*Asks:* 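Sharing a structure below in C-alpha cells format, with a few things to ask.
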Number of protein chains: 2
Amino acid sequence: MPYDPSAFPPFAVTVDLVVLTVRRHSLCALAVRRGEPPFQGRWALPGGFVRSDEDLATAAARELAEETGLHVLHDPACPATANAAHLEQLATYGDPKRDPRMRVVSVAHLALAPDLPAPRAGGDAHSVRWAPVEDLLDRDGHARDGEQAAPLAFDHARILADGVERARSKIEYSSLATAFCPQEFTVGELRRVYEAVWGVALDPRNFHRKVTGTPGFLVPTGGTTTRQGGRPAQLFRAGGATLLNPPMLRPEA
Amino acid sequence: MPYDPSAFPPFAVTVDLVVLTVRRHSLCALAVRRGEPPFQGRWALPGGFVRSDEDLATAAARELAEETGLHVLHDPACPATANAAHLEQLATYGDPKRDPRMRVVSVAHLALAPDLPAPRAGGDAHSVRWAPVEDLLDRDGHARDGEQAAPLAFDHARILADGVERARSKIEYSSLATAFCPQEFTVGELRRVYEAVWGVALDPRNFHRKVTGTPGFLVPTGGTTTRQGGRPAQLFRAGGATLLNPPMLRPEA
DNA sequence: CTGTTTATCGTCAAGCAGACGACTATGATC
DNA sequence: GATCATAGTCGTCTGCTTGACGATAAACAG
C-alpha cells in the first residue's frame with residue numbers, strides 16, 4: 001500500500017529562509033516584498049522552489065546566496081570566507097491551506113549571519129531589507145513608520161517566530177552566537193549579540209568570566225581593537241567547540 | 001519568478017516515524033519489515049504518504065495510530081487516554097537519491113511512548129517489532145541473533161540516529177522523559193528511563209533529590225506501589241512543567 | 001587633567017551537584 | 001519469625017558555578 005509509484009498526491013516543495021543578523025543592538029531578519037499575488041506588496045521570507053535534482057540544504061544555500069550573497073560555512077576547520085553564514089534546517093510547514101494556490105510544503109531553514117554592510121538586494125534595492133523581528137512579528141499595531149502594519153505573508157510569521165525561538169535557545173548551549181560576529185570579535189561584541197538576541201542586559205564582568213572560562217569557545221588572536229571606544233579589547237576567534245558545557249544561562253523573569 | 005503555479009517540479013511527500021519506547025532497560029524503536037522492493041525484506045521505519053488534504057502532523061498521527069494504536073496527547077491538561085504518546089516533528093530528508101524510484105521528501109517525526117504490552121501489528125504480526133536502537137544502528141556486524149545484520153532501508157538509519165539524538169538531548173531540559181512512563185510512575189521508573197535513553201547509571205539518591213525538587217516536574221498522586229520490589233515507592237504523575245530549569249545533567253565522559 | 005567609556009580582574013555569599021552514609025519498608029529465603 | 005536482598009528516601013559534606021558588585025586599566029573627548 002505505501003510507495004505505489006503511480007498513485008501519490010503531488011506536492012510543490014519550497015525552502016523558506018529565516019535569515020537573522022544583529023544590527024544596531026537589535027535582532028533583525030531578512031524580508032522581501034512580494035511583487036505578485038497572493039499577498040502582493042506584503043513582506044515575506046525569502047525562499048523558492050526546490051529544483052528536481054537538488055538537496056534541501058543545497059536549495060537553501062542557493063537561495064541564501066541569491067538573496068544575500070552569503071555563503072554557507074561548511075567546514076569548521078576552514079576559517080570562513082568573508083561572507084560566511086551558519087545554515088541549518090528549521091522545520092517543515094505543510095498545512096494544506098498555507099498557500100491558496102496549491103499544495104506547498106515548505107522546508108524552512110535558519111541562517112545566522114554577521115552584520116553586513118548592505119542587504120545586497122538581488123533585483124531592486126527597496127524590495128529586500130533587514131527589519132527588527134519585533135516589527136515583523138508585532139501585528140498589534142504601533143507600527144512606528146506606518147510601513148509594516150501588515151503581517152507577513154502566508155504563515156511566515158510563525159516560521160519567523162520559530163526561527164527566532166530556535167536561535168534564542170540555541171545560543172544558550174552552543175557556540176552559535178559567534179555566527180553573528182565577524183571573524184574576529186571582542187568579548188563585548190559577543191555580549192551585545194546575546195543581549196540583542198535575548199533582549200536582556202548582561203553583566204559584562206560575569207559574561208567575560210564565563211565565556212573566557214569555557215574551554216573551546218574562544219581563542220585569542222593576539223590583536224586588540226578599540227572600535228567600540230574605551231579601553232582596547234582583546235580580539236578572539238570562534239574556537240572549535242560547538243556545544244557549550246556548562247551552557248550560557250539566560251536570565252529568567 | 002517564484003511561485004509560478006504551472007512550473008514546479010512535483011514531489012512525493014511522506015512522513016516517517018521514529019517511535020521510541022523503553023523496554024527491559026533499553027531504548028527501542030519501532031521497525032517494520034518491507035514487503036516489496038526496493039529494500040524488500042529489510043527493516044524500515046514506519047511511514048507513508050501524506051494525503052492531499054492532510055496536515056503533516058495529522059499524517060504523522062494517523063500513521064502512528066495505524067501502526068501502533070497509539071494516540072497523540074494533544075492537550076496537556078487532559079490527563080491522557082490509556083495509549084497516549086508524544087509526537088513532534090523531527091526533520092525533513094530530501095536527498096534526490098534517497099528513494100531510487102522517485103523524488104520523495106520525507107518529513108520525519110519523533111514519537112515517544114510508554115512500554116506497551118504488544119506491538120499491535122497492523123497486518124501480520126512478525127512484520128512489526130520493537131528493536132533496541134543499538135541493534136538497528138549497529139551495522140558493524142555482531143548481530144546477536146543473525147537477524148538484523150542488514151542496515152535499515154533508505155536513509156532510515158540516519159533518521160533514527162537523529163531521532164535518538166533528539167530524544168537524548170530533549171529529556172535533559174524538558175519533562176519529556178515522562179512520555180516514556182505510564183500515567184502513574186515512581187521516581188525509580190523515571191530514573192530507569194533516563195538510564196536507558198542515555199545509557200548511563202545515575203545515582204538514585206541524587207536523582208530523587210533532583211526530580212522531586214524541580215518545581216512542576218512531578219506531582220504525587222498519594223498512592224504507592226511495590227511493583228519494582230523492595231520498599232514501596234510513591235507514585236507520581238507528570239506535572240505541568242514542560243521545560244526544566246535547571247535542566248537534568250547528563251553525566252559526561 | 002578630568003570625566004566618560006569600555007575592558008578586565010577580584011571578592012564574596014548563595015545555591016547546586018556529585019559522592020556517599022544511613023535508615024526504611026517491602027518480599028524472598030532459611 | 002529471623003535474615004537477607006532489594007529499592008526507596010532522607011541527610012551530610014565538599015567543591016564548583018553563579019550572580020552581585022567593587023576596583024583598576026586603558027583608551028578618547030573636552
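Residue numbers start from 1 in every chain, and the chains themselves are labelled A, B, ... in the order their sequence lines are given, proteins ahead of strands. Quick caveat, the model's predicted, so the values are computed rather than measured.
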*Asks:* Phosphate oxygens OP1/OP2 of D/dG8: is one of them under 4.0 Å from a side-chain N or O of B/His208?
*Replies:*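 No, no such contact exists.
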*Asks:* For A/Ala157 and A/Leu137, which heavy atoms make the closest approach, and how far apart are they?
*Replies:*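 So the two residues come closest at O-CD2, 3.4 Å.
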*Asks:* Does D/dT18 have OP1 or OP2 sitting under 4.0 Å from an N or O in the side chain of A/Lys210?
*Replies:*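 True: A/Lys210 side-chain N/O within range (under 4.0 Å) of D/dT18 OP1/OP2.
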*Asks:* What I want to check is whether an N or O donor and acceptor connect the side chain of A/Arg231 with the base of C/dA7 at under 3.5 Å.
*Replies:*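 In this structure, the two groups form a donor-acceptor pair.
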*Asks:* Hey, are the side chains of A/Arg250 and A/Val200 touching, using non-hydrogen atoms and a 4.5 Å cut-off?
*Replies:*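 The answer is no; the side chains never approach within 4.5 Å.
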*Asks:* Output the rounded distance in Å from CG (B/Asn245) to C1' (C/dG15).
*Replies:*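 Those two atoms, CG and C1', are 13 Å apart.
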*Asks:* In whole Å, what is the span from the CG atom of A/Leu218 to the C1' atom of C/dA7?
*Replies:*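 Answer to the nearest Å: 15 Å.
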*Asks:* Using whole Å, report how far CG of A/Leu249 lies from P of C/dC16.
*Replies:*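 Going from A/Leu249 (CG) to C/dC16 (P), I get 12 Å.
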*Asks:* With distance as the sole criterion, is a donor-acceptor pair present between the side chains of A/Asp16 and A/Tyr93 under 3.5 Å?
*Replies:*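 No, because no side-chain N or O of A/Asp16 sits under 3.5 Å from a partner of the opposite role on A/Tyr93.
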*Asks:* Determine whether any donor atom in the side chain of A/Arg205 lies under 3.5 Å from an acceptor atom in the base of C/dG10, or the reverse, and answer yes or no.
*Replies:*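 Such a pair does not exist between side chain and base.
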*Asks:* Which sits closer to the 5' end of DNA chain C, B/Thr226 or A/Pro204, going by the nucleotide each is nearest to?
*Replies:*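 In this pair, the answer is A/Pro204.
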*Asks:* Starting from C1' on C/dT11, measure out to CG on A/Asp203 and report it in whole angstrom.
*Replies:*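 Roughly 13 Å, once rounded to whole Å.
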*Asks:* Kindly say if B/Arg191 contacts the phosphate of D/dA7, meaning a side-chain N or O under 4.0 Å from OP1 or OP2.
*Replies:*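 No, no such contact exists.
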*Asks:* Determine yes or no for a side-chain-to-main-chain donor-acceptor pair under 3.5 angstrom, with B/Arg168 supplying the side chain and B/Val197 the backbone.
*Replies:*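 Answer holds: yes.
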*Asks:* Take A/Pro247 and B/Gly229, find for each the nucleotide of DNA chain D with the closest heavy atom, and name the residue whose nucleotide sits nearer the 5' end.
*Replies:*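 The answer here is B/Gly229.
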*Asks:* How long is the line joining CD of B/Gln228 and P of D/dT9, in whole Å?
*Replies:*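 About 12 Å, once rounded to whole Å.
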*Asks:* Starting from P on C/dT8, measure out to CG on A/Asn206 and report it in whole angstrom.
*Replies:*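 Answer to the nearest Å: 15 Å.
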*Asks:* Verify the neighbour count for atom CZ of B/Arg227: are there more than 12 heavy atoms of other residues, nucleotides or ligands below 6.0 Å?
*Replies:*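 Counting neighbours around CZ of B/Arg227, more than 12 heavy atoms of other residues, nucleotides or ligands fall under 6.0 Å, so yes.
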*Asks:* Between C/dC16 atom C1' and B/Phe207 atom CZ, what is the distance in whole Å?
*Replies:*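 These atoms are roughly 16 Å apart.
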*Asks:* Report yes if a side-chain nitrogen or oxygen of B/Arg192 is closer than 4.0 Å to either non-bridging phosphate oxygen (OP1 or OP2) of D/dA7; otherwise report no.
*Replies:*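 No, B/Arg192 has no side-chain N/O under 4.0 Å of OP1/OP2 on D/dA7.
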*Asks:* Could you tell me the separation between the CG atom of B/Leu235 and the P atom of C/dT26, rounded to a whole number of Å?
*Replies:*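 So the CG-P distance, B/Leu235 to C/dT26, works out to 14 Å.
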*Asks:* Would you kindly check whether a donor in the side chain of B/Arg209 faces an acceptor in the base of D/dG11, or vice versa, at under 3.5 angstrom?
*Replies:*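 Under the 3.5 Å cut-off, the side chain and the base do not form any donor-acceptor pair.
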